[in-house]
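These values consider heavy atoms only, across backbone and side chains, with no hydrogens, waters or symmetry-generated copies.
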Amino acid sequence: MALNLAHQIGSLAGTQIAAEVTTGEQSSSATANVSGVRKVPLANLRCNAPGEALSPPMLTPPLTPRSAANRSAMMSPSLRPDLSAACQAYGTLSPLETAEDSSASVAWKEGGKKEEKKGVPVYVMMPLDSVTNGNTVNRKKAMNASLHALKSAGVEGIMIDVWWGLVEREAPGAYNWGGYAELLEMAEKHGLKVQAVMSFHQCGGNVGDSCTIPLPKWVTEEIEKDPDLAYTDQWGRRNYEYLSLGCDTLPVLKGRTPVQCYADFMRAFRDNFKHLLGDTIVEIQVGMGPAGELRYPSYPEANGTWKFPGIGAFQCFDKYLLSSLKAAAEAAGKPEWGSTGPTDAGHYNNWPEDTPFFKKEGGGWNTPYGEFFLTWYSQMLLDHGERILSSATSIFDGAGVKISVKVAGIHWHYGTRSHAPELTAGYYNTRYRDGYLPIAQMLACHGAVFNFTCIEMRDHEQPQDALCAPEKLVKQVALATGAAQVPLAGENALPRYDEYAHEQILQASLLNVDGSPVDREMCAFTYLRMNPSLFHPDNWRRFVAFVKKMKEGKGARRCWEEVEREAEQFVHVTQPFIQEAAVALMH
């Protein structure tokens, strides 16, 4: 079969290929630099005060490109000869193209000018349990085959959750990077770049969570001693997905603050994988809340607490956040506002009009008290992001990696006046106020990437009685990031394998919104998620075509049908290898 496969691909590529006789794979010692958004030196960037005109952030130049003389040797590290030829035939890789040259990442230069390759690079999220509780790579054979398949399809790289609850599980400062070291080496061998997520949250209890990984044992022990370290709703329900931001700066974790723990973890990651930073590891996404998103855990699915499209609930009733609220109310000259958060905002599964606080006419959200509370609640979230980003950008300064932050795509009840689900999550976004511009401006102060979800969704696919509007929400975020001059990256919120979703992602990634520069595109897209379904022949064919179209970017003239015909031929000749990946993942 190997000889036949090689000859088929050789015929497709117009190149004679010898039969594959080796059983191992050679890893290349060559690596490629990355053109990416770099951290903004704070000395060169003045952040605007509220009400001031926004000025463009000063951004650092890209890394020095690798010389052309080295390009031919860098065609595809350790890619099998048959798949390498298939990639050339399909156009995902040319013999004179390095991983760096084919990257569509934005390269920011001095003075705010940018120089970029056309197109949007596609990354693929790895399974949540890619590293086991025993700190080894899960289903190693399947992982190896899958990475090979992804590289052959022209995927830029992969996203990996680096779980706090696995690495620092047993004791403070005792880091076990075992499985991650092996997984990152596999990515390097296959010539794939890596977006590493610093996952300081629990896995389990959110949409799509397929396994359970709690916070480190010593952290949960402290929560048992002091339950107010957990986010709390007005009924006293505790949420253990992520530590309450109310205790960010308090030494509640065996002498360290939570922010210090996050910083120490990131510093240990940097020191352990410094040989991969900037070449293989090109992005650090910093987890800042449940599901790794900058938000409050306002819509928890665990135990049936919340169901779509409920409005969620405010999460500010632990003693640390209530203390902050009390101080803010006293500073505002309204001490009576500081005793508690809103208690008339309904329950998790109510709709806005069911509640006195969120109803459109005379709702508490649009009163002086509501404005005070929502300003405080959202500012606490921004301050939380600021604290962690300050640590992250300092730790990874000069490492050649982007820093990114994920923001949730809360699109339900978006068509109402109050935008209740966004408000309970900490995004002060209403019909009369832009809640995403402050987030984008905060990220601009650190040169971070704004990563947003629900890119694959269309308004009419969602329940219209809940006034869902994901397309309008994505447009608003695109405008906000454009105004703040922050790179925008995207993810799909739910698994999709159909051309309809692919086409929506493609159109959204082009950022064709009013006032956007003609050449502006998303800086990257991360596809959720690698699993056996992705390698189903029809799904894989559509995915390969999708990756190709994304890399072509703006100005592409070819239709889906033409690209799909190429993809079908590519999938046909690589079918045995793709089947190997699919079968391995199912066992």
- Task: Output, in order, the C-alpha distance, side-chain angles, deciding distance and verdict of salt bridge (charged side-chain N to carboxylate O under 4.0 Å, His left out) for Arg542 and Asp498.
- Result: CA-CA 7 Å; Arg542 288 189 286 263; Asp498 57 291; over 6 Å; no
- Minimum heavy-atom distance between Ala545 and Val563, given as atom pair plus value: O-CG1, 3.6 Å
- Of all heavy-atom pairs between Val137 and Gly179, which one has the smallest distance, and what is that distance? CG2-O, 3.5 Å
- Relative to the ring of Trp177, is the ring of Phe269 parallel (under 30°), tilted (30 to 60°) or perpendicular (over 60°)? perpendicular
- Do the ring planes of Tyr175 and Phe265 sit parallel (below 30°), tilted (30 to 60°) or perpendicular (above 60°)? perpendicular
Quick one: are [X] and [Y] in side-chain contact, heavy atoms under 4.5 Å?
{"X": "Arg458", "Y": "Pro470", "value": "no"}
{"X": "Val449", "Y": "Leu488", "value": "no"}
{"X": "Glu568", "Y": "Val544", "value": "no"}
{"X": "Gln195", "Y": "Ile160", "value": "no"}
{"X": "Lys475", "Y": "Lys472", "value": "no"}
{"X": "Cys454", "Y": "Val474", "value": "yes"}
{"X": "Tyr123", "Y": "Val282", "value": "yes"}
{"X": "Ser509", "Y": "Val120", "value": "yes"}

- Query: Charged N to carboxylate O below 4.0 Å: is that the case for Lys551 and Glu156?
  - Reply: no
- Query: Is the shortest side-chain N to carboxylate O distance from Asp279 to Lys193 below 4.0 Å?
  - Reply: no
- Could you tell me whether Tyr262 and Trp164 have their ring centroids closer than 6.0 angstrom? yes
- Would you please indicate if the ring centroids of His201 and Tyr242 are separated by under 6.0 Å? no
- Would you kindly check if the NZ (Lys) or CZ (Arg) of Arg295 is within the cone defined by 45 degrees around the ring axis of Tyr299 and under 6.0 Å from the six-membered ring centre? yes
Classify the side-chain pair [X]/[Y] by whether it contains a donor and acceptor separated by less than 3.5 Å.
{"X": "Asp459", "Y": "His411", "answer": "no"}
{"X": "Thr526", "Y": "Glu491", "answer": "no"}
{"X": "Arg267", "Y": "Ser394", "answer": "no"}
{"X": "Asn135", "Y": "Arg169", "answer": "yes"}

- Item | Test log, rule side chain to side chain contact (heavy atoms under 4.5 Å, CB included), inputs Leu192 and Ile158 | CA-CA 7 Å; Leu192 290 165; Ile158 59 176; 4.3 Å; yes
- d(Arg529 CZ, Leu494 CG) to nearest 0.5 Å is 11.0 Å
Exam field: side chain [X] to backbone [Y], donor-acceptor pair closer than 3.5 Å:
{"X": "Ser146", "Y": "Ala142", "answer": "yes"}
{"X": "Lys406", "Y": "Gly490", "answer": "no"}
{"X": "Glu521", "Y": "Gly119", "answer": "yes"}

